[in-house]
Each structure stands twice: as C-alpha cells, then as structure tokens.
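It should be emphasised that the depicted structure is a prediction, and the values quoted were computed from it without experimental measurement. The basis for the numbers below is simple: all heavy atoms, side chains too, and nothing from hydrogens, waters or symmetry mates. Order of the sequence lines fixes the chain letters, A, B, ..., with proteins taken first and strands second; residue numbering starts at 1 for each chain.
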2 protein chains.
Amino acid sequence: MTPPKKARTTPPYELLYWPGIPGRGEFIRLVFEATGTPYTDVASSKKDGINEVLACKAETLTVDSDGNPPAFAPPALRIPGEGKGGKSLVLYQTPSILSYLGDKLGLAGEDEAEKHWVLSHALTALDLNNETHDTHHPIATGKYYEDQKEEALKKAADFRENRIPKYLGFFERVLKGNEKHGEGKYLVGGKLSYADTTLFHVVNGLKFAFPKEMEARESEFPILLSTFYPNVEGHGGLKEYLASDRRQPYSMGIFRHYPELDRQ
Amino acid sequence: MTPPKKARTTPPYELLYWPGIPGRGEFIRLVFEATGTPYTDVASSKKDGINEVLACKAETLTVDSDGNPPAFAPPALRIPGEGKGGKSLVLYQTPSILSYLGDKLGLAGEDEAEKHWVLSHALTALDLNNETHDTHHPIATGKYYEDQKEEALKKAADFRENRIPKYLGFFERVLKGNEKHGEGKYLVGGKLSYADTTLFHVVNGLKFAFPKEMEARESEFPILLSTFYPNVEGHGGLKEYLASDRRQPYSMGIFRHYPELDRQ
C-alpha cells in the first residue's frame, strides 16, 4: 500500500474541534488542505472523538498527562511525539496553532519580517471573524440570538456600514501594496500563506452571512474580491477540498444568514 | 557618559501608539519595562509624534517607503535597521509584536512548546481585554457609551456573571498546573514571559473597571490574585515603572470605571 503524500514526513496532526460546523476549526483545516498534509479531525472521524475535544477544555483540567496546559476553548491541535520528552504537544488558540503550522508547512512567509506580517494579517482577519460572530450575539454568547435580536439589529447595522468597509478596505490596500510580489493574489510576498487562507474563509463566510451587503460592495474592493478571493478558492489542494463534502456547510456557528441582519 | 543598560545590544525600538491612555500600547510597554530595554514612545516623547502614529495607519497607505504594509490600528512597532534591506521594520497587531519582542528579549519561554503556550495564553488574556472593552461599547465602537448604555448594562451583567469567572478560572487552573515550575508566579515554566505581563495588565484593568466585582471574587482565584498578581507587580523593572508617572492612568480607553456596570 502506498501511504498518502507527505505521510512519512509529517507527524500525525490531530485537530480537536466541534463537529458539524466549520467554526474556528476551519482555519486550521484550510492550512492542512492547502498543503496536502494528512490530519485527523478527531470529533468527526473517531468514535467518541467529541469526548477528546471536551477533555482538552474540561473545567477541572490543570495540566494533562503529557504536561500540556488546558485549552480555553477549541480549536486545539494535538501532535503525538512533538511535546516535552517525546510526549504529545497540545496547542490552543487559532492564531497560535496557525503560527506553529505555518512554520512547519511553509505557509508563514520567507523571512522574519514576512513571518510577522503573515501573523498580523491573520490576526486582523480573525478579528473580523469575531466581530461577525458578535453581530448575532452582541450581548451574551451563552444566550440565544432571539433573546438579543433587537441589539443584534443595531450591531449588524454598524458592522455593515462601518466595520466591513474598514476591514475590507484595509486588506484591499495590503494587496495593492504587495502587488509587485503578490500580483493581487497574496497578502505577503509571492506565495500562499495562512494569512491568505484565513482571510479567504472570513470573506467566504461574510458572503454567506451578508450576501446583499457583500454584493453591493463587490466593486469597492476589486483586488480583494475579484483577484485574491478567486485565486485562493482555486488554489491547488483547496479547490478540490472546497468542492467536496468534507467542507462543512455553515449553520449555527460564527457565520449565520439572518436576512434581517443583512442590507435591506 | 554611561549608556543605559542594554542600549548597545538592542535596536532603537519605537512604539507607535496613541498618547494619554495605557490602551493596547501598554502590553508592549510592559515587555520593555520588565526587561530594562530602552524604547521610544513616539507619540508622547517626540514633537508631532502623533503624526507618525497616524501615518502608519493612514487610510491611503498601501505600502510605506521601507516596504512595510499599513497597520490596521495602533499599536505598531517600528525598528530602524531590522527591516528588508536594512530599512525599518514595522509590525502591527499586539500579539504579533509581543511574539516578536518575546523572542528578542527572552520573554517567550524556553522551547518551541513553551513559546506557543506563551502566545496562546497571551492571546486569551487579550481576548478578555477585548471583551472588557465591549462591556461599554457593545453596539458600536464609533458611538459614545451614553448612546449604548442600555445594552452595556446587559452586556456587563453577562460579563461579570459568566465571562470573568470563566477567564479567571481558566488562568487559575493554568497556574495550578504549572505550580511545580512556576510556583504560582508564572503561567509557563519558571520565569517571566509576556503572557504574565499581559495577564497582569488585564487583571489590573479589571480591578480598576470592576472594583466591587473583583473584590467579591478575590477568594475564588487565590493563586491568580494572591500569588501571581503581586509577584508580577513586584517584578524587577516593573515595580519601579508601575509606581512611576510613566505608567499612565486609566481614563477613556479600554478599562473605564462606570459604577453602574459594576456589581451593585
């Protein structure tokens, strides 16, 4: 039997994230998919895998049996053999996991400056991701949307009118400033980074959650929406993944389509 | 004349941040102060320094004359001589700047695992920082508190009842799990990291913004509030800085004391 490509040179990466939604786990999945790196999505591929997700964030956990701290929240990444004394390493926080994998999988820029720009741009895209979530949960994460709908209508209006153009305008300028190297296709340098995959997913989610708003603004951000976005979408391993049923549909996670929150 | 300690071995670090508030710039200042590293706080120490802060985030900027991308928002860090081709390097996003300086100044853990845990914990403390900000601005960053006070009362109640104990309980467990190495004084390993200085500042800000809530919860998080917090406060360079007038008072920034948002 032929092992899958790269299987002999990468450790057995295990993603610990909720099943059934793209969520923040999707930012991690995209770097694996873009590089053709094998990984296990524990909750969706192992029987009782959800229990392993719950265990890494258990409110009684102080340190695990391999010496890792608890995770505040999923996603976490577990890498057997890469921790202290050859045990499993467990990392949490999306940007920290992306920074780790970016270094290992060649998605973190070419030098120290680019490495930090990639992290900075990814953090900014993740801030936009978080603000998108807060449009339907402006008061309390633990309460239903229906219980904070009135506030959500106000928050979403500000988000559409002020925050979306501020963020997308910023990334349009970053792409413009890097055009000599990136030709509008990459935020940093001349090749794909995890900043690109992260921004791509956030824009994809915005198109799902706010279709009218995004359509109305299509022409305002031509490099971002007409060059960058389709380029990442068509990139090597991503194209096949995005069209597959492994790419989970949006539902009740970060990106939700409530027509009343969109442009009217 | 004797140059200040470390002046010969560190580049001329320049912090680009708003004057007059601790803000997110404070997380950067603390790593300089904790390590006795000279730096220039551009807006408060140079005539027209504020213009340099505004320039790095100007909404017309695509790339600066040294090849750096624009900043989405302050803080930014400028380091003459450390950029491409010996030009200035400009980084933005607090966690990215902390990760860069942590590596350079010895505040980022002892190995690859610790380095990522330090980043992860700092990111979590910064998430708490952001949620604190949102208690007084739940609807729109660009509007006055008074225009979203009704929503702020709801948001702050959820924050006090659910989010503060969730975050502080998490850090209490991390400190407990690292007690063998850190003795309750450090989140990761046996020495100070930028995760410690970052968490310290957020707890300090919470004590200012929600004094009654924090006092009522004092005994719930004994390692965090009675060992960790006073230890960072009394740490080498920080002790003197925190007592000096260079430590700016809280005012209309992230941490604000609105008595009506505190425990009644």
Item to check | chain B interface, residue from A:I139, A:N178, A:L175 that has the most non-hydrogen pairs under 4.5 Å | outcome: A:I139

Item to check | Best-contacting candidate, B:V174, B:L61, B:D103, against chain A by heavy atom pairs under 4.5 angstrom | outcome: B:L61

Next on the checklist: Taking the ring of B:F72 and the ring of A:F171, is the distance between their centroids below 6.0 Å?
Outcome noted: no

Item to check | Heavy-atom proximity to chain A below 4.5 Å, by part of B:T94 | outcome: neither

Next on the checklist: I'd like to know whether CD of A:E59 has more than 12 heavy-atom contacts from other residues, nucleotides or ligands below 6.0 angstrom.
Outcome noted: no

Checklist entry - Just checking heavy atoms, which of residues 150-162 of chain A are less than 4.5 Å from chain B? => result A:E151, A:K154, A:K155, A:D158

Checklist entry - Which residues in residues 110-135 of chain B have a heavy atom less than 4.5 Å from any heavy atom of chain A? => result B:D111, B:E112, B:A113, B:E114, B:K115, B:H116, B:W117, B:L119, B:S120, B:H121, B:L123, B:T124, B:D127, B:D134

Next on the checklist: Using only atom types and a distance under 3.5 Å, with no angle test, would you say the side chain of A:R173 pairs donor to acceptor with the backbone of B:A58?
Outcome noted: yes

Checklist entry - Considering heavy atoms only, which positions within residues 73-90 of chain A lie below 4.5 Å of chain B? => result A:K84, A:L89, A:V90

Distance-only criterion, 3.5 Å: show the donor-acceptor pairs between side-chain atoms of residues 185-194 of chain A and protein atoms not counting sequence neighbours.
from   : atom 1 : to     : atom 2 : distance (Å)
A:K191 : NZ     : A:G106 : O      : 2.7
A:S193 : OG     : A:A195 : N      : 3.2

